[in-house]
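Here is the structure we will look at, set down as structure tokens.
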Protein chains: 2
Amino acid sequence: MTRRDFINSTSASYASLLAWGLLQSAPADAIDLPANGKRTDGKGRKVVILGAGLAGMATAYQLGKLGYDCTILEARSRSGGRVWTVRGGTKETEMGGTPQACSFENGLYFNGGAARIPHHHQLTLQYCRELGVPLEIFNGNNEAAYLFNDGGTGPMANRRVRIKEYHNDMRGYTAELLAKSLDQHALDQELTKEDVEKLIDFLKNEGDLNTAHLYKGTNRRGYKTKGEPGAGPAPGDMTDPFDLTDLLRSGFMQPVFYNVGDYIYEQQTTLMQPVGGMDAIPRALEKQLSGKIMFNAPVTELRKTDNGVRVVYQKDGKPQEVTGEFCVCTLPLPMLKNLESDLSGTVKRAADFVPYIKTGKIGLQFKRRFWEEDDWIYGGISRTNMDINQIWYPSFGFQGKKGVLIGYYNFYGRAEAVGAMPVAEREKMALEQGGKIHPQYPAEFDNSFSLAWHRVPYSGGGWATYDDATRRKYYQALTEPDGNIYFAGEHTTYLTAWMAGALTSAHRAVEAIHSRVGAYTRK
Amino acid sequence: MTRRDFINSTSASYASLLAWGLLQSAPADAIDLPANGKRTDGKGRKVVILGAGLAGMATAYQLGKLGYDCTILEARSRSGGRVWTVRGGTKETEMGGTPQACSFENGLYFNGGAARIPHHHQLTLQYCRELGVPLEIFNGNNEAAYLFNDGGTGPMANRRVRIKEYHNDMRGYTAELLAKSLDQHALDQELTKEDVEKLIDFLKNEGDLNTAHLYKGTNRRGYKTKGEPGAGPAPGDMTDPFDLTDLLRSGFMQPVFYNVGDYIYEQQTTLMQPVGGMDAIPRALEKQLSGKIMFNAPVTELRKTDNGVRVVYQKDGKPQEVTGEFCVCTLPLPMLKNLESDLSGTVKRAADFVPYIKTGKIGLQFKRRFWEEDDWIYGGISRTNMDINQIWYPSFGFQGKKGVLIGYYNFYGRAEAVGAMPVAEREKMALEQGGKIHPQYPAEFDNSFSLAWHRVPYSGGGWATYDDATRRKYYQALTEPDGNIYFAGEHTTYLTAWMAGALTSAHRAVEAIHSRVGAYTRK
């Protein structure tokens, strides 16, 4: 049975198969959507697409292959939406903010929005393959990075601790405690004697226990000497472990400190990023859509007509109009809110009530890559309960002269507070707080560029953050057409925040439109 | 106090400071060895260096900076020794073997010897920086790769299991068992009630336990559907965990299956590799040594003279001779064994008795990167108890058309058995065994290139593998001069097998020679 036979034989739609991932391990031509109509059914049919982010461009790209005549209206002067790389020359003015221009050195950048591709986001990876976007590894889980519990008490507070120190100690002690329980026959009713022996084998390795099943430290957490241990006349000395009680009282069990690559499926190794910046993906898509994107064209009105849709947008300060048989609206919900429209009450309420995350980042350029040279951190993330929340070290340009790290990546209240500051104050805060973890900050700092997504025009937020109630009330309406208007974007999926959500929802919209057209034309 | 003051103030030698890593976080000029002599003390002094591997070339590079006149004798027609990248055009004939020529496609390769740089091997990294060798991440720890216990019994045998399935299940069950012990007050004398609560918090996250502190599976081990979960009308379904008893009886507790990045300091994230192949490092060093390396010049005799050393080598089938004040011998011990020499009895016995590992690799070129496309494995290592032992997936060239993976990487008896086969049989074995893990092998295979280091001329083994007795008996002799003959190479350090050993030992030799010369000249 071939893949195509399987698709034809099942009652599940292509879209649902695709959404459910059954096709996503297929070769690149899987994204060359055949859908339920014929290849030519789209000819001459006009589709107006709102937004030249990943969802909008993927929709136009796939509909274009099927013969549709697509026009994308994009409010900004660039494509990509929240897939945005900040580099020297980047300009932005936040709502209510002052203009910022980025002055990073040539070759340095940070990804302001989407920043990593999980190895299981196969549709995203297939787009990269089809469009020729080269990828490299994004080092998400680097246990050489730090934890810093600011303002706590006890010996673990207000100091930087390598994730590997905390983690290997905790694994060691928990392995020791479980081995003790097993040795004391506390769990005899759970396991046979032989299985207990095998479990102890596992624990000895997992926790690096000694022959008495005790954890007395491990070289996994590093050596006392800074460099290579054992190049000299004797092997190196192991560091001393922290005390279990101190670890338990460290505060590192709080979610803000989680080593998420162990805990979150989407952030497990392997993560990837396009070489040169995440905007390589929208730029590659844009190249496929020559003449189809109208930039600087913010949409103000979306109307249903007898034959389809009518869209009003601003161009050079004047209202203009475009009509089409279908519309695919990929505007983030905070933008949909401001649109005059004939949209259904449920969709309008979705725009009002589905929450979007407040989130911000700052890129800090330093004269020297001290995190590599002094701290041996090559990529990865340090975590703290301070407002900066996370520091991201670049996974590219290793050992270069200068470098840009992400000096904060924060969410919710922290992002709101920081985003409300003028950019100079954000920078000051990032340097002060980050300087507690990296004392090299003041001597090495060059310049910065910050952003608060909830204040970025035409985005108005990071991504949709449904709770159970809003998911139940509004989600379905966004996955279905409202007349001839279809919705796409990360907010119309369970893959919120991910490029995979944008792309998969685009495929769902294309499939739905083409299937409907196919049904007409075959009537 | 500056770094230099510190060096001068201490009784420890620069070499020992360096060896102990105290200087290794300094900027790149730390490898511009000042040593104890003056910068000019080396002028006009002749040093004969045996071997143009990393140790020999680094020695010549650093001595050259101090004014010494170095000649390197290299048996091969290339530099780099066991730092060797195999690509299209590579040729080798093993001792007792038939000639092999590699026919990989342009841009595809595998590192036959040294293959990863730990983030804490700062001297190696500093060489890369000083010599302008660009680095990228080597993905050593990819839990999406497989374990395969061949020939076992029970439900986990003779099938591939993702490391993340095994590991997250084990973490879940061990967390559950420890939580149970804690809940049953079996460990009350170890911890306070509050600390128990915090430990349970840790266990809940570490093992993904439910509110009843039970492990019932986790999405960390993947989803039932292959692709992105949750792009459709509902979030994805988690896979079912394996049974604890089955896991304990799986055989995966055997060292051959260890997820070494968790267990071995040297293999923790972040690991790096030069872009384009590990031989970028020797090639960059060679460029600094123009005219100083004599290739195709195997050494046959090493003699002490009244004024220094005399070395006999073969050139165009005829014996030639070179003299010098000093010799730095970096030959691997299996090669030293065959040398006519005046070396001390201890050094000769070291050459006889320090064991070298037998180890082999095969590069397999495939028409399609099915491990990425079908299995979502981007770099990392699968592990099995079969003779192939490990399969390495490339950390570069993602999503390209063809790819080369390392089809076996084996050691000791397995490497001996496989290395004894003709190359065609090695290939057949690699395809048969690897095909159990990747059924795509037969359909996608292109060609191969294999090597057995213990059979590679002028190497004769993988690396020195001291045990306590040989370390005690022979190590010191190799770290000290034998008359005017100094030794360097990974086998003269505790960092055996690593480029860091070669480089650090080279610095030790340079320091020792220059310090001795400085003592003369200041007399």
Side-chain angles (χ1 to χ4, degrees), chain A residues 16 19-22 24-25 27 119-122 128-129 135-137 139 141-144 170 174 177-178 181 186-187 190 195 198-199 201-202 205 219-220 225-228 230-232 235 245 248 253 258 263 265 268-270 272 373-374 376 378-379 395 398-399 493-495 500-501 504, chain B residues 16 19-22 24-25 27 119-122 128-129 135-137 139 141-144 170 174 177-178 181 186-187 190 195 198-199 201-202 205 219-220 225-228 230-232 235 245 248 253 258 263 265 268-270 272 373-374 376 378-379 395 398-399 493-495 500-501 504:
Chain A
S16 71
W20 282 92
L22 290 174
Q24 296 185 349
S25 67
H119 59 283
H120 44 82
H121 280 188
Q122 284 290 310
C128 292
R129 190 159 42 163
L135 299 176
E136 63 193 2
I137 290 173
N139 193 11
N141 294 300
N142 184 356
E143 296 217 336
M170 283 304 300
T174 53
L177 286 170
L178 180 51
S181 293
L187 294 158
E190 307 285 331
D195 287 346
K198 287 185 175 119
L199 181 52
D201 272 355
F202 173 83
N205 286 304
N219 72 346
R220 296 172 193 170
T225 43
K226 261 202 93 182
E228 288 91 326
T245 308
L248 291 172
M253 276 93 200
Y258 285 174
Y263 296 153
Y265 179 62
Q268 287 174 351
T269 300
T270 311
M272 280 164 280
E373 294 171 17
D374 305 347
W376 312 349
Y378 300 83
S395 290
F398 296 137
Q399 309 214 102
T493 70
Y494 275 89
L495 287 163
T504 317
Chain B
S16 70
W20 282 94
L22 291 175
Q24 296 185 351
S25 67
H119 60 283
H120 45 81
H121 280 188
Q122 284 290 312
C128 292
R129 192 161 40 161
L135 301 176
E136 63 193 2
I137 291 173
N139 193 11
N141 294 299
N142 184 356
E143 296 216 336
M170 283 305 299
T174 53
L177 287 170
L178 181 52
S181 293
L187 294 159
E190 307 284 331
D195 287 346
K198 288 188 174 115
L199 181 52
D201 272 357
F202 174 84
N205 285 304
N219 72 346
R220 297 172 193 170
T225 43
K226 260 202 94 181
E228 287 91 329
T245 308
L248 291 172
M253 276 93 202
Y258 285 174
Y263 296 152
Y265 179 62
Q268 287 175 352
T269 301
T270 309
M272 280 164 281
E373 295 171 15
D374 304 348
W376 312 349
Y378 300 83
S395 290
F398 296 138
Q399 310 216 103
T493 71
Y494 276 89
L495 287 164
T504 316

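Reckoned from all heavy atoms, side chains included, excluding hydrogens, waters and symmetry mates.
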| query | If you tally heavy-atom pairs under 4.5 Å against chain A, which of B/D201, B/N139, B/N141 wins? | reply |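 Between B/D201, B/N139, B/N141, the count favours B/N139.
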| Interchain contact, A/Q268 with chain B, by part (heavy-atom threshold 4.5 Å) |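 When you check distances to chain B, only side chain atoms of A/Q268 fall under 4.5 Å.
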| B/E190: what forms a side chain to side chain contact (heavy atoms under 4.5 Å, CB included) with it, not counting sequence neighbours? |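 Here the qualifying residues are A/L177, A/K180, B/L187.
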| message | The criterion is side chain to side chain contact (heavy atoms under 4.5 Å, CB included); which residues satisfy it with A/D195, sequence neighbours excluded? | response |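 By the side chain to side chain contact (heavy atoms under 4.5 Å, CB included) rule, A/D195 matches A/L191, A/T192, B/T245, B/L248, B/R249.
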| task | Can you measure from CE (B/M272) to OH (A/Y378) and round to the nearest 0.5 angstrom? | result |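 The OH atom of A/Y378 is 5.0 Å from CE of B/M272, to the nearest 0.5 Å.
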| query | Could you give the distance from CZ (A/F398) to CZ (B/R129), rounded to the nearest 0.5 Å? | reply |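 Going from the CZ atom of A/F398 to the CZ atom of B/R129 covers 13.5 Å.
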State, with a plain yes or no, whether a side-chain heavy atom of [X] is found less than 4.5 Å away from one of [Y].
X	Y	result
A/E373	B/Q122	no
B/I137	A/E136	no
B/R220	A/Y265	no

| query | Taking every heavy-atom pair that is under 4.5 Å apart, which of A/L199, A/T269, A/T174, A/N205 has the most such pairs with chain B? | reply |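 With the most close heavy-atom pairs to chain B, the winner is A/N205.
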| query | For A/N142 and B/T270, does a side-chain donor sit closer than 3.5 Å to a side-chain acceptor? | reply |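 Result is yes, a qualifying pair exists.
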